[in-house]
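Below is one structure, written out as structure tokens, with a few remarks after it.
Side chains included, hydrogens not; waters and symmetry mates left out as well; all remaining heavy atoms used. Indexing begins at 1, ligand by ligand and atom by atom, following the structure's order. Numbers here are sequence positions counted from 1.
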Amino acid sequence: MSGQDRYPLLEISIGKFVHNATEILSRCAAQGISVAGVVKGYAAFPELASALSRCGASQLASSRIRHLAELRRAGLPGPYMLLRIPMISELRDVVDQADYSLQSDLATLRALQDECLAQNKKHKVILMADLGDLREGFWHADELVRACVEVEEELSMVELAGVGTNLGCYGAIQPTPEKMHALLGIARRVEAAIGRKLEIVSGGATSSYTLVHWNTMPEGINHLRIGEGISLAYDLPVDWGIEDMDYLHQDVYTLKAQVIEVREKPSYPQGTFCIDAFGGKPVFTDRGIRKRALVAVGRADVADIHRLMPRAAGIEVLGGSSDHTILDVENYPGELRAGDIVEFDLNYTTQLFLMLSPDVIKRLVA
Ligand SMILES: *Cc1c(COP(=O)(O)O)cnc(C)c1O
């Protein structure tokens with residue numbers, strides 16, 4: 001432990017991030033697929049975003065316009081893509097800051113045309129088809145095709161860049177070749193109706209990358225929007241159990257938290273039960289006296305401390321509060337004491353919150 005370091009410290013390996021981006025983008029490129037690099041999971045951390053550009057991402061993308069504006073201010077060239085279908089109240093910023101946006105509502109598209117006219121600036125849109133995951137997107141293909149025709153023929157400042165879909169989010173629906181063929185069918189109908197080819201047929205997010213990995217992505221899907229698969233690379237090999245994805249590093253991030261207390265205590269609270277700090281009624285199992293360590297990071301930093309994954313064997317997250325995480329270290333072979341550092345792997349939620357916490361120091365490492 002270096003006496004100078006401050007904690008909690010989130011180390012981000014730029015080398016591992018670039019490695020993952022290169023592996024994923026090159027496999028996509030080999031199958032004719034360009035990739036929007038999605039920066040929302042790490043609050044558009046500029047060094048990571050600019051690495052994505054260098055690795056050949058075709059756009060930098062986020063759900064939040066603020067992220068796009070920050071990267072623009074940092075001097076990154078873009079082009080920029082807004083992922084969350086916009087609020088009508090933010091269309092001024094959409095036209096000002098984003099080059100592309102995903103869309104699923106005709107009233108919004110018409111208001112977008114007005115805003116483009118007001119700013120005398122064109123804007124490209126991708127109309128979303130809902131193929132069963134039940135978040136955003138047109139449900140009926142006919143309605144989507146009609147909307148595309150209206151954009152093409154009547155909204156002079158709004159350019160129809162293409163169509164897209166999103167899977168594996170709300171409804172946990174798996175992207176399959178069949179779903180991709182459904183999207184291609186819609187794309188071909190739109191092309192027939194407008195009499196030209198679409199620039200983009202966007203097949204989804206990290207979960208759709210599985211089809212590139214397995215070589216089962218149908219030809220014609222020419223765009224994906226990938227965030228988590230590059231920065232965490234955890235979801236697919238671990239949650240999906242895809243074993244031969246070992247070309248990705250899962251430890252781009254390391255959370256280092258400092259131990260503030262180590263003590264043997266009962267595992268069952270003593271006294272009359274009321275409620276915990278969050279209004280919950282937790283259930284405890286009596287495992288006798290156990291050695292525990294407190295580290296100085298909590299729900300205010302990571303939201304869900306149970307998603308923190310201690311890297312060392314023999315350490316288990318028991319729970320915690322806004323500012324503490326309580327670890328069971330009874331089976332940890334080493335000797336922990338106050339001042340020591342415990343390392344954790346992250347998942348999507350913990351990454352998201354830690355990057356936003358002003359109390360967490362972020363440091364790029366090789
Ligand atoms: C967040 C998001 C993505 C990227 O998702 P990952 O799982 O991080 O790759 C892609 N498309 C849309 C619409 C999103 O909101």
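Under the 6.0 Å cut-off for aromatic ring centres, F45 and Y253 do not qualify, their centroids lying 6.0 Å or more apart. Checked against a 6.0 Å centroid threshold, the rings of Y348 and Y42 do not count as neighbours.
Contact atoms of ligand 1 toward G227: 6 (P), 8 (O), 9 (O) (distance under 4.0 Å to a heavy atom of the residue). Distances below 4.0 Å separate heavy atoms of K40 from the following atoms of ligand 1: 1 (C), 2 (C), 3 (C), 14 (C), 15 (O). Close approach to I226 involves these atoms of ligand 1, each under 4.0 Å from a residue heavy atom: 9 (O). Within ligand 1, counting atoms from 1 as listed, the ones closer than 4.0 Å to a heavy atom of E136 are 13 (C). Counting the atoms of ligand 1 from 1 in the order shown, those under 4.0 Å from a heavy atom of N166 are 11 (N), 12 (C), 13 (C). Within the listing of ligand 1, atoms 13 (C) sit less than 4.0 angstrom from a heavy atom of L102.
Where the criterion is an N or O separation shorter than 3.5 Å, residue side chain and backbone included, E228 meets it with respect to ligand 1.
Defined by atom type and a distance below 3.5 Å, a donor-acceptor pair is missing between the side-chain atoms of H213 and T210.
The salt bridge (charged side-chain N to carboxylate O under 4.0 Å, His left out) test with R196 singles out one residue from E152, E159, E191, and that residue is E152.
Contacts between Q351 and ligand 1 below 4.0 angstrom, taking non-hydrogen atoms only, are absent altogether.
Among all protein heavy atoms, the one lying closest to atom 5 (O) of ligand 1 is A205 CB, 3.4 Å. Closest to atom 6 (P) of ligand 1, if we only count protein heavy atoms, is T206 OG1, 3.4 Å.
Checked for salt-bridge contact, R146 and E150 miss the test: no charged N lies under 4.0 Å from a carboxylate O.
Heavy-atom contacts from other residues, nucleotides or ligands closer than 6.0 Å to CZ of R92 number 12 or fewer.
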